[in-house]
Number of protein chains: 2
Amino acid sequence: MSLPHAILTALLEKPSSGLELTRRFDKSIGYFWSATHQQIYRELGRLEAEGLIRTLPAEQPARGQRKNYEVLPAGRAELARWTAAAHDPKPHRDVLFLRLRAAAVVGTGGLEADLRRHLELHRRQLAKYQEIEDRDFPPDRDSPQDRLRHLVLRAGIDLETFWTQWLTHALSEFAELSGEGAGNREPADG
Amino acid sequence: MSLPHAILTALLEKPSSGLELTRRFDKSIGYFWSATHQQIYRELGRLEAEGLIRTLPAEQPARGQRKNYEVLPAGRAELARWTAAAHDPKPHRDVLFLRLRAAAVVGTGGLEADLRRHLELHRRQLAKYQEIEDRDFPPDRDSPQDRLRHLVLRAGIDLETFWTQWLTHALSEFAELSGEGAGNREPADG
DNA sequence: CAGGTTTGTGCAACAAGTTGCACAACCACG
DNA sequence: CGTGGTTGTGCAACTTGTTGCACAAACCTG
């Protein structure tokens with residue numbers, strides 16, 4: 001439902017080929033919407049068939065040749081419509097919560113190490129985001145576009161902050177649990 | 001990848017029929033892993049075929065008859081293995097961030113109203129979680145199982161807190177943007 | 001006991017995302 | 001000039017989740 005609109009946005013920011021798009025989805029856009037090149041090519045084909053984008057008229061190459069796409073007015077209109085339309089927030093489908101719930105039943109053995117690993121990963125991601133913020137969003141530059149992009153980055157920073165704090169708390173709970181004596185790793189059998 | 005394990009967890013907590021599971025997925029488990037009854041029935045069939053669960057031997061009914069499932073030792077082992085295995089955290093795939101990024105290109109018209117709606121929804125969800133916390137996690141009850149479940153609930157509370165704060169911030173930015181004069185709703189055309 | 005509603009189980013088709021691979025052109029290097 | 005790596009495009013099969021519907025039994029209610 002959303003990948004075509006992510007592509008339209010990226011193409012409006014700058015007309016690109018499939019591979020260029022893939023690279024941008026590995027960087028900035030990919031922080032909140034990842035996609036493989038296979039997905040992107042498939043979607044580019046659909047969007048072209050629907051008349052929302054077209055290849056830049058300069059070139060008309062054969063298979064295996066680079067193609068540059070740009071957004072047509074119908075594509076811009078569709079993106080504007082989608083952006084303004086109501087979308088319900090979806091619950092956070094996180095495997096980690098599931099695993100904690102499972103651990104309450106089958107024991108916490110091995111889980112702690114992975115929590116530590118996650119903590120480290122989230123700390124790194126947080127540092128990366130903060131670096132981007134320092135580099136790309138100095139206090140003076142202040143166009144509406146900058147503000148909106150900054151807003152998205154802030155969400156990323158705040159979410160990573162949440163994860164580092166929550167994982168730290170979780171690990172301290174784990175430490176207490178295993179410090180309370182035997183019988184805590186494997187709860188009573190059903 | 002995770003639904004079967006969610007079902008195993010739920011069945012270990014209490015052997016149930018498909019519909020009972022569906023109801024529990026609409027409540028507590030569904031806060032972080034939702035599933036429809038169709039998904040659940042399909043998965044129950046697979047889990048039974050793999051020998052991880054079985055119908056309670058008491059009854060052996062025909063189609064349209066209630067069936068109660070319980071977890072077999074192999075199922076418990078698989079759940080323990082999965083819980084302890086390493087899983088990489090996935091990026092937050094949120095449509096809202098995509099829409100903000102799109103709004104930076106096609107304008108913010110209409111988006112503000114939906115942000116307000118989201119804020120209201122997240123406030124309500126937060127209130128619901130806090131109610132559950134007050135009701136189900138008094139400071140005295142303190143078994144390892146309780147602690148782990150409380151940890152998951154805390155994550156839900158903190159995430160909803162994040163959303164309400166971030167959305168409030170986003171709306172204040174929007175107010176500033178539209179207060180700065182004309183030409184801000186539709187950025188310069190390409 | 002006839003007829004409608006609720007409860008419970010389940011299939012089929014579809015949509016979205018993932019994985020694996022194929023293949024063309026271009027470029028560098030001996 | 002040929003051959004091997006890199007760049008770029010794309011198909012096919014699979015997995016997971018969603019939507020729509022079918023159908024049986026149980027339970028009311030006149």
Side-chain angles (χ1 to χ4, degrees), chain A residues 1-8 10-11 15-26 29-30 32-50 53-56 58-69 82 87-95 98, chain B residues 1-8 10-11 15-26 29-30 32-50 53-56 58-69 82 87-95 98:
Chain A
M1 271 294 285
S2 308
L3 180 58
H5 301 98
I7 292 178
L8 287 173
L11 285 181
S16 314
S17 70
L19 192 67
E20 277 180 86
L21 280 177
T22 303
R23 294 213 172 108
R24 291 163 67 194
F25 273 79
D26 285 343
I29 300 177
F32 50 92
W33 205 272
S34 62
T36 62
H37 75 273
Q38 290 92 332
Q39 274 179 280
I40 288 168
Y41 283 118
R42 181 164 48 179
E43 214 56 59
L44 283 171
R46 282 182 198 158
L47 287 168
E48 191 174 22
E50 289 171 35
I53 63 174
R54 65 167 177 186
T55 61
L56 277 180
E59 54 241 273
Q60 201 67 276
R63 183 191 161 95
Q65 285 294 92
R66 184 194 196 72
K67 262 187 281 186
N68 272 289
Y69 290 95
W82 177 83
H87 296 257
D88 283 336
K90 299 247 178 296
H92 300 279
R93 204 155 235 252
D94 202 299
V95 172
L98 222 45
Chain B
M1 270 291 286
S2 308
L3 180 58
H5 301 97
I7 291 178
L8 287 173
L11 285 180
S16 313
S17 69
L19 192 68
E20 277 180 87
L21 280 177
T22 302
R23 294 214 172 106
R24 290 163 67 194
F25 272 79
D26 284 342
I29 300 176
F32 50 91
W33 207 273
S34 63
T36 62
H37 75 273
Q38 290 93 333
Q39 273 179 281
I40 288 169
Y41 283 119
R42 180 166 49 178
E43 214 55 60
L44 283 172
R46 283 182 197 157
L47 287 168
E48 189 173 24
E50 289 170 36
I53 63 174
R54 66 166 177 188
T55 60
L56 277 180
E59 53 241 273
Q60 200 68 278
R63 184 193 159 92
Q65 284 296 91
R66 184 192 194 77
K67 263 188 279 187
N68 272 288
Y69 290 93
W82 176 84
H87 296 256
D88 284 335
K90 300 246 178 299
H92 300 278
R93 204 153 236 253
D94 203 299
V95 172
L98 222 45

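Convention: sequence-line order gives letters A, B, ...; per-chain numbering from 1.
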Against the side chain of B:Arg46, the closest entry in C:dG17, D:dG8, D:dT16 is D:dT16

Ignoring the backbone of B:Leu19, work out which of D:dG8, C:dT9, C:dG10 is nearest its side chain. C:dT9

For A:Arg46, what residues pass the salt bridge (charged side-chain N to carboxylate O under 4.0 Å, His left out) criterion, not counting sequence neighbours? A:Glu43

Sequence neighbours left out, what passes side chain to side chain donor-acceptor pair (under 3.5 Å) with B:Ser16? Give chain and number order. B:Arg24

Please report, rounded to the nearest Å, how far the P atom of D:dG17 is from the CG atom of A:Leu98. 11 Å

Within the structure shown, what part of the strands sits under 4.0 Å from B:Thr22 by heavy-atom distance: base, sugar-phosphate, or nothing? nothing

Quick note, A:Lys67 side chain, CB onward, closest among C:dT7, D:dG10, D:dG8 is D:dG10

Does B:Trp33 have any ring pair (Phe, Tyr, Trp, His ring centres under 6.0 Å) partners at least two apart in sequence or in another chain, and if so, which? none

Measure CZ/A:Phe25 against P/C:dG17 and give the value in whole Å, please. 11 Å

Which pair of non-hydrogen atoms, one from A:Ile29 and one from A:Ala10, has the smallest distance, and what is that distance? CD1-CB, 3.6 Å

First encountered from the 5' end of DNA chain D, between B:Leu3 and A:Glu20: A:Glu20

Members of residues 33-45 of chain B that approach DNA chain C, where some heavy atom sits under 4.0 Å away: B:His37, B:Gln38, B:Tyr41

Sequence neighbours excluded, which residues qualify as side chain to side chain donor-acceptor pair (under 3.5 Å) partners of B:His92? A:Trp163

Please report, rounded to the nearest Å, how far the P atom of D:dG8 is from the OH atom of A:Tyr69. 14 Å

Would you mind reading off the distance between B:Lys90 atom NZ and C:dA16 atom P, rounded to a whole angstrom? 20 Å

I'd like to check the side chain to side chain donor-acceptor pair (under 3.5 Å) partners of B:Arg93; sequence neighbours left out, ordered by chain and number. A:Ser34

